[in-house]
Number of protein chains: 2
Amino acid sequence: MSGSSGLSGSSGSLASCVPLAREPITSDQAVGVVPMLKALADPTRLRLLSLVLSHEGGEACVCDLLPHFDLAQPTISHHLKVLHEAGLVDREKRGTWVYYLARPEAMAALGSIFVLPVGQERP
Amino acid sequence: MSGSSGLSGSSGSLASCVPLAREPITSDQAVGVVPMLKALADPTRLRLLSLVLSHEGGEACVCDLLPHFDLAQPTISHHLKVLHEAGLVDREKRGTWVYYLARPEAMAALGSIFVLPVGQERP
DNA sequence: TGTCAATATCGACGTGTGTCGATGTCTGGG
DNA sequence: CCCAGACATCGACACACGTCGATATTGACA
């Protein structure tokens, strides 16, 4: 056991800066970061985020994304929901269309996880 | 599709530099990167990698890691195997003990995925 | 108002994954 | 030579996950 103090959990807005190499992360920190990693641990969702990020203005509607996949529309909708609930993209409804916007904060948080202390970057 | 210059696939040593935001990544690129992300999309494995990274010299034997968890030894051994097969840690046998070493190249590759083009880092 | 297009939700199905206990393999020591 | 410790492999189980077709919801437009 150990850890598991009383926290509300869920993938709120934590995981701002949790480098793995600085010191052993706690179970709570791990549980806070994992939802984002789990959301991207799927080829379709990783491509979806990449498509949104590299699209005009870092945003794209579902109809822009659908043609890039051989998957059914509900499947893409499901994947976008997972990305949204993980805090990786925002939702914005405009008329009939729904636009998804990448969240730079989430990208920064993910990048900070893998930062190595100086002197440990040996390729 | 298309692209896919001649690569053997599998989670070999690719994924050196695959930023999501630069341009839409290909399916092959996604499939190449996902094993690493999937390996870390688990609280236990994320903590294991953090423990190894922050341990003396970026290495630790199984007996060093076991006490930090409430899981059975075969379970930890399984998770370490997943991390190893994803290219995140190296295995090194010394006498009766087996040491796991973090791979800085993998950390750098993962970090590069989330790099944003200048002018897009809006906190 | 009625219809169509865009997107989300629902229920179901097959597959993948984390966990365990039992057992196998290898190394060092008496 | 045999025993004990460190670690891996195996088989099994419950659960989570990706996918689909069918259906509901919402907004635009004639």
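A note on names: the letters A, B, ... follow the listed sequences, proteins ahead of strands, and every chain is numbered from 1. All values below come from the heavy atoms of this structure, side chains included, with hydrogens, waters and symmetry mates left out.
- Considering only side-chain atoms of B:Ser77, the nucleotide from C:dT7, D:dC7, C:dG21 that sits closest is D:dC7.
- Where A:Gln73 and A:Lys93 meet DNA chain D, the nucleotide closest to each residue was compared, and A:Gln73 sits on the side nearer the 5' end.
- Distances shown here put every side-chain N or O of A:Arg91 at or beyond 4.0 Å from the OP1 or OP2 atom of C:dT7.
- With rounding to whole Å, A:His79 atom NE2 is found 6 Å from D:dG18 atom P.
- Rounded to the nearest 0.5 Å, atoms CG (A:Leu80) and OG1 (A:Thr75) are 11.0 Å apart.
- In this model, a donor atom of one side chain and an acceptor atom of the other lie less than 3.5 Å apart for B:His79 and B:Arg45.
- A salt bridge links B:Glu59 with B:Arg94; the closest basic N to acidic carboxylate O contact falls under 4.0 Å.
- Nearest-nucleotide assignment on DNA chain D puts the 5′-proximal partner with B:Cys63, out of A:Trp97 and B:Cys63.
- Counting only heavy atoms from C-beta on, A:Lys81 has its side chain closest to C:dT9 among C:dT9, C:dG21, D:dG18.
- In this structure, B:Tyr100 reaches the sugar-phosphate backbone alone: every heavy-atom distance under 4.0 Å involves primed, P, OP1 or OP2 atoms, never a base.
- A:Leu48 places its CG atom 13 Å from the C1' atom of D:dG18, with the value rounded to the nearest Å.
- Straight-line distance from the CD1 atom of A:Ile76 to the C1' atom of D:dG21: 16 Å, rounded to whole Å.
- The distance from atom CG of B:Leu71 to atom C1' of C:dT17 is 14 Å, rounded to the nearest whole Å.
- Going from atom SG of A:Cys61 over to atom CG of A:Leu66 covers 9.0 Å, rounded to the nearest 0.5 Å.
- Distance from the side chain of A:Arg45 is smallest for D:dG18 among the nucleotides D:dG18, D:dC20, D:dC7.
- One atom, CG of A:Leu66, and another, C1' of C:dT7, lie 9 Å apart when rounded to the nearest Å.
- The side chain of A:Thr96 approaches D:dA28 more closely than any other nucleotide in the set C:dC20, D:dA28, C:dT7.
- In terms of heavy-atom proximity, B:Val98 sits nearest to B:Tyr100 at CG1-CE1, 3.8 Å.
- One can place CG of A:Leu83 at 14 Å from P of D:dC17, the figure rounded to the nearest angstrom.
- Checked against D:dA8, D:dT19, D:dA6, the side chain of A:His78 finds its nearest nucleotide in D:dT19.
- In this structure, B:Arg94 does not reach the D:dA6 phosphate: none of its side-chain N or O atoms is under 4.0 Å from OP1 or OP2.
- When the C1' atom of C:dA8 is taken as reference, atom OH of A:Tyr99 falls 18 Å away, rounded to whole Å.
- Note: CG (A:Asp70) to C1' (D:dG18) measures 15 Å, nearest angstrom.
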